[in-house]
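Below is one structure; the comments refer to it alone.
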Amino acid sequence: MLTLMIVAPLVGALILTLAGRRLGERLTGVIACLSVAVAAGCAFVAFFSRLLPAAPDAEGVRRVTERLGTWFSVGSFSADFGLVLDPLSGVMALFITGVGLLIHVFATGYMHGDAGYARFFAALNLFVAAMLTLVLADNLLLLFVGWEGVGVCSYLLIGHYFTRDEAADAARKAFVYNRIGDAGLVLATLALFTQAGSVSFAAIARWAAQQPVEALGWAAVGAGGLTTVGLLLLLGVAGKSAQIPLFVWLPDAMAGPTPVSALIHAATMVTAGVYLLVRLNVVFLRAPTALMVVAVVGAATALMAATIALGQDDIKKVLAYSTVSQLGLMVMACGAGAFTAGLFHVTTHAFFKALLFLGAGSVIHALHEEQHLRRMGGLRQFMPVTYWTMTAGWLAIAGFPLFAGFFSKDEILLETFTSAVLPGGLAKALWAVGLLTSFLTALYMTRLMALTFHGEPREAVAHVQPHESPPVMTAPLVALALLSVLGGALGLPEAFGQHPWMREFLTPLVAAPSEFAREAASHALELALMGVSTVVALAGLAAGWLFFTRRPLWEAPRVWQAKYWVDEAYEAAIARPLRLLAERGLWLGLDVSILDGLVGGVGRSLAGLGATLRDMQSGYARGYVVMIFIAALLILSYFVFGQG
Amino acid sequence: MLLDAGSLLVWLVALPLVGALALVVLTATSMELGRRYALTTALAAALLTFGLSLRLIARHADPALVVNAPWIPTLGVNWHLAADGLSLWLILLTTLLTPLAMLASAAIVTRRPAYFLLLLLFESGLVGVFLARDLVTFYVFWEVVLIPAYFLIGMWGGENRRAAVTKFFLYTVAGSLLMLAAIIGLYVGHGAATGRYTFDVETLVAARNVIPAETRQWCFWGFAAAFFVKIPLFPLHTWQADTYAEAPTPVAALLSGAMSKMGTYALVRFGVGLFPDIAREWATLMLTLAVVSILHGALAALAQTDLKRLLAYSSLSHLGFVTLGVFSFTTYGVEGAMFHMAAHGVTTAALFLLVAMLEARRKTTALADFGGLAGAMPRFAFLMVVASLASAGVPLTNGFIGEFLTLLGAFTVAPGFAVAAAGGMILSAVYLLTAARRTLFGCSASLFEAPDMDWRETLAVAPLVALMLVMGVAPQLFLRPTRPAVPPEAVAVSRS
């Protein structure tokens, strides 16, 4: 059944690739949605009728496993095609297939009339298969298959409109930045295998649990132990989940069709990094220095991206930076040891961010590809369903009480505040950063909603007659809106006298922070912190409302509009010097001038360079021959005469 | 007698040779007839190899697959051929790539079928190199390969072919002569010590310790020079980009796909087999050169403006991984290296053949002359993207397995080298996707109408692309037959 979950969308992708345009839009859409529906059905059945009734194994974990065979094995190394459905992969598989199905349905309407309709859905189906491989894999190597597989699909889908230069560039950029992270993940895999003797998650967790907790300090970073492994993994996380320093690809990835942004660059693929942190939580808990770096990177990313989001005028760019920021919060939670809180936010974020992106897609669709916020306005009256569903997403992400995001973000802030794995001062500081990020989140989301739906209709709206999107697009919006409102039920806080379902469900696979001697947060503290963050969220909403409905429209500081010039800095500090080194230094310098020069013949053969190089037309071949024969004679004579 | 297992090996070498000779007779006939005839011969050789491989896969070591007859008895030279798991994938690769390169040679303008004659001769020489177990036999085949390559490039190459082919010839001959000196050195050394003068590899391997240490040290470097030129390894690589760029593109596919494996194969069989102690002594230097090749090749590929040069430097980088694996002296590294040889052969040949198809349409291979091709040539774009991803080593393609295993081998002995080599993994994605970006995508002004691949072109590349996926999904099929043939001297770490 786990295999079928992956095979179904894979078969869908194959059919669509081979049949191509011959199927026509309707049949293509049906095949694409059906294959994901089968996967979703498998996920639900496997989860409710296989995983939940399963008896916990010796480690107290419920697992459903399927093993298809060995992928490759050499010496003592072996990588298997082995799948495991446990509480962690179960939660992921449910929302990947569920949200994935809704987005597929939405896309059948959104992509209507596109010349690459079949190609689009083939890649989208392949993506679902790869993403499920990533989360269901029972070992690091198979996870890497999914990990790079989703990267490839992301590459294909960002570049869907391949005749546009910006899309083609963004696709390549995304893959390259991901590759930097992937190299980190491969090295971490090698380091883990050489120490733990296996790449299977179960074996790694068993091994890591017996390792001592490494000392906090920079000495452990290069020691090759778990701290090194943790930091290498963090590099992989930074690539996939768009964290500092590798986050710059995600905003550019918005060049892809909007359903892709919703599915891949908001709800699922980009959360793979957080999933990896949660999956290898035992490793990280033995490496406090790595955890500290994870937490700081997450917090810094969250804050930085939130400020940039305030300065963007493209509706998708605002949402993209918002995603980077929210991913930062999840990574920060993991760094604070609150892995379950991180995963909780992954889930609720999948609901409301997919909703917000699809809503944005609905708006863009209605305005004939207009994405500029300053040209919108007043859309509320034209697109009531989009407006009301997006309002649910807006309140959820802003942390409005009782909406999904409220509970998950609150858990992150609480767990960070009371973190036992971070130094006390740092924990409080990171909590403050998280709180500030929450305020900014409410602010920029209110700005987005105000500029899009409220106020006077501006030029883009005035010129076209915007219509509400067809039901095939609005129905997924309604479903996601319901999930965004109710999704918090997965983790109601203890302070409400509730059992946080998700945390209990994931224990002991994912260590609950309390196991690590967290100071017993009293319910009073919990309620107090909740009060603070509620006030902050409401303040953000109110401030945004007052500020951004005014005219003239607010201009963000230049540094935010320009995204802190990070891309420019990378270009100047890394990309350009590297290109110069490659071209002038290594190729033309070392190879053509020095090496070829040394050997005696300047590369006259190099096309186009002949004119600039010395003309050695006569004699250089002879020079070679003479040298070679002298050398050969010397050596031969050594053997003939030198032996006696 | 004609069909016993041993003579099967002889036929493997002789079939293309006989075909080539027959082409000499046929020179007067039309080009098209010659092409068809050559293609048939090459396909027959491929089928023969395939049959033989099945036999080898079924039985790990087949003692029947040996020919050993006196050739020049007075000098102790034997006609000694044998096939085992090390040779297996390389002879298959050679006999598979030759007919595909012929299929992709439609644009080669030639009045007489000499082009195909030379391709068959080239094939025969390569197969001989991968089968020879006598140093003289080996040397003869090694040199035989050079002759058709020289004329193929010199007669059908690009504008600067003369300079390129001279450089290629001189580098290779320099290496070969040093190897010849080393072969004689071993022969004399062994004969002087034991009284038995022989060129037989197995004898020399078994008796390697009776040869004076100093002689062996010199001989190692003689072999190493020839192999490192052929692979090539930094800093002996500068002939490569010129040669590949000037060679007719289907020939470049064979040079990069099959000929470059002569060096890495011989390194495992002869370099490590005859001189395990010396090779290990110099392992740190070799690992360093391997990593420098990986990074230098990848960075230089990044700077190229011509697709063929880009692929040439990519080859340098990929074969650096093979060398890295070999000199890790681990099971992971050596088996990974053997796998990566076959994998790289398949992928690089496919990429060169794809470039040949662009060249046939536009008479150029400069990156700047292309762009936005995916619209007009979707099938081409699909195959090129898959081949690029395989070359970049995405999992479930053949490129990943070899890279991962060689990295694992290096990591277990010296993590620093693996960390540096992982940089090559990142850079390969950069240069390959840049090439794909600039040829297939974007709204370049040179967006042009071109016919998509026809059936003949598809037939030349699609099997290779399918093979990339098969090798990536089921690598065990390819790893397992090689395993028993890995020389015990080549691995220090667990061999289970």
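Labels below follow one simple rule: chain letters A, B, ... track the order of the sequence lines, proteins then strands, and each chain is numbered from 1.
Interface residue V152(A): only side-chain heavy atoms are found under 4.5 Å from chain B. Neither the backbone nor the side chain of Y161(A) comes within contact range of chain B; no heavy atom of the residue lies under 4.5 Å from a heavy atom of that chain. Contact of T17(A) with chain B is made through the side chain alone, with heavy-atom distances under 4.5 Å. Residue A79(A): no heavy atom, backbone or side chain, is found under 4.5 Å from chain B. Heavy atoms of L141(A) lying under 4.5 Å from chain B belong exclusively to its side chain.
With ring centers used as reference points, F72(A) lies 6.0 Å or more from F339(B). Taking the six-membered ring for Trp, F411(B) and F404(B) have ring centres at least 6.0 Å apart. Between W218(B) and F223(B), a ring centre-to-centre spacing not shorter than 6.0 Å is recorded.
In this structure E166(A) satisfies the side chain to side chain donor-acceptor pair (under 3.5 Å) test with no other residue, sequence neighbours excluded. Under the rule for a side chain to side chain donor-acceptor pair (under 3.5 Å), the partners of D169(A) that lie at least two apart in sequence or sit in another chain are R437(B).
One finds no salt bridge joining K167(B) and E246(B) here, because no Lys/Arg side-chain nitrogen approaches an Asp/Glu carboxylate oxygen to under 4.0 Å.
Heavy-atom pairs under 4.5 Å with chain A were tallied for A301(B), G393(B), A300(B); the largest tally goes to G393(B). Residue with the most contacts toward chain A among V430(B), L408(B), L407(B): L408(B) (heavy-atom pairs, distance under 4.5 Å). Looking only at heavy-atom pairs under 4.5 Å with chain A, the residue among A392(B), P378(B), G423(B), A381(B) that has the most is A392(B). In terms of heavy-atom pairs under 4.5 Å with chain A, the best-connected choice from L479(B), L302(B), V394(B) is V394(B).
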